[in-house]
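Everything on this sheet refers to the single structure shown next.
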Amino acid sequence: LLRRGEGLHDDIRGVERVLFQRVEDRILLSERRAAEHQAQLEASSKTLREALSTRFRALEGWIQQQKADKADIIDCVMSRVTAQIREQGAAAEAASRHSEMSVSQLHALGAKLEEVAAGLAQQTNTARVLHEICGTLTHRLIAVEAMARQTEVLALHLDGRLRDAEAELRRDASDTAPSRYQQLDAM
C-alpha cells in the first residue's frame, strides 16, 4: 500500500509538472499576444497621428495660401481702383481746366466711374466670400483637431483595457494554479 501511495504521489507530481508547464505556456502565449496587440495599437496610433499631422500641415498651408491670396486680391483691387480714381480725377481736373470738354465726354467719364465702382463692389463681394471660406476652414480645422484629441483618448482607453486584460489573465493563471493544488492534495 505504501508503494502504491508513493507511485500515486509520483504520478501526482508528474501531473502537477505538466499542469504548471501548460499554465506557463498559456501565460507566455497570452503575454506574447498582448505584446503583439500593444505593438499593433502603437503602430496604428503612430500612423494615425502622422496622417493627421500631414493633413493638418497641408490644411494649414492651404489656409495660409488662401489668406495670402485674399490679401493679394484685395491689395491688387485697391491699387487698381485707387489708380483708376486718380486717373479719372486727373482727367476730370484737366477737363474742368480746359472747359472744352463736351457734355458727352463728361457722361463717358461718369460711366467709367460707375464701371469702376461696380467693379469695386464685385471685388469687395469676392473678398467677403473669401473671408467666409477662411472662417469655415478655420472651424473645420478646429473640428479635425477635436477628432484627433478624441482618437488619442480612444487609443489611451484601448491601451488601458489591454493592460486590464493582461492583469486579469495573470490573476486567472495565478488563481487557477493553487486551486488545482488543493484538488490534488484532497486526493
Side-chain angles (χ1 to χ4, degrees), residues 18-88 112-180:
V18 169
L19 287 175
F20 272 130
Q21 185 61 41
R22 284 184 182 172
V23 167
E24 286 179 12
D25 290 345
R26 285 185 180 174
I27 289 173
L28 290 173
L29 179 64
S30 295
E31 288 174 348
R32 192 176 322 118
R33 284 182 182 166
E36 290 172 357
H37 185 64
Q38 186 173 2
Q40 288 174 348
L41 280 175
E42 288 174 1
S44 64
S45 293
K46 181 180 179 184
T47 303
L48 180 60
R49 282 191 297 270
E50 289 172 356
L52 285 174
S53 178
T54 301
R55 286 184 180 179
F56 287 145
R57 283 192 298 274
L59 185 59
E60 286 173 349
W62 187 79
I63 288 171
Q64 293 300 326
Q65 183 63 38
Q66 292 300 315
K67 285 181 179 179
D69 289 348
K70 181 178 82 171
D72 290 345
I73 289 171
I74 290 171
D75 290 344
C76 182
V77 167
M78 292 306 289
S79 65
R80 283 184 185 176
V81 168
T82 303
Q84 287 178 354
I85 289 173
R86 285 183 189 149
E87 288 174 10
Q88 297 300 326
K112 283 184 181 181
L113 284 174
E114 288 178 3
E115 287 176 16
V116 168
L120 178 61
Q122 183 180 7
Q123 290 174 354
T124 302
N125 188 35
T126 301
R128 182 188 52 79
V129 168
L130 287 174
H131 180 71
E132 290 174 1
I133 289 172
C134 185
T136 301
L137 290 174
T138 301
H139 290 300
R140 287 185 182 173
L141 177 61
I142 291 169
V144 169
E145 288 174 344
M147 287 174 34
R149 283 192 296 276
Q150 290 174 350
T151 303
E152 288 176 347
V153 168
L154 179 60
L156 291 173
H157 175 71
L158 289 174
D159 188 48
R161 287 183 63 191
L162 178 62
R163 287 186 183 144
D164 291 344
E166 277 181 347
E168 186 175 326
L169 282 172
R170 286 191 179 125
R171 266 195 318 271
D172 288 346
S174 66
D175 290 346
T176 305
S179 67
R180 293 210 177 159

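Nothing here was measured: the structure is a model prediction, and the numbers come from that model.
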Working for side-chain hydrogen bond (donor to acceptor under 3.5 Å, both in side chains), residues Thr82 and Arg86
CA-CA 6 Å; Thr82 303; Arg86 285 183 189 149; 5.7 Å; no

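To the nearest 0.5 Å, atom CG of residue Leu59 and atom CD of residue Gln64 are 10.0 Å apart. The structure places CG of Asp164 at 11.0 Å from CG of Leu169, a figure rounded to the nearest 0.5 Å. One finds the CD atom of Glu60 at 9.0 Å from the CZ atom of Arg57 (value rounded to the nearest 0.5 Å). Interatomic distance, Leu48 CG to Leu41 CG, rounded to the nearest 0.5 Å: 11.5 Å. Gln21 CD to Glu24 CD: the interatomic distance, rounded to the nearest 0.5 Å, is 5.5 Å. Interatomic distance, CD of Glu152 versus CD of Gln150, reported as 11.0 Å (0.5 Å rounding).
Around CD of Gln122, the count of heavy atoms belonging to other residues, nucleotides or ligands within 6.0 Å does not exceed 12.
In plain terms, the two heavy atoms of Leu162 and Ala34 that are nearest each other are CD2-O, 3.8 Å.
In this structure, a donor-acceptor pair under 3.5 Å is absent between the side chains of Arg49 and Ser53.
Ion pairing between Lys46 and Glu42 fails under the 4.0 Å rule for side-chain N and carboxylate O.
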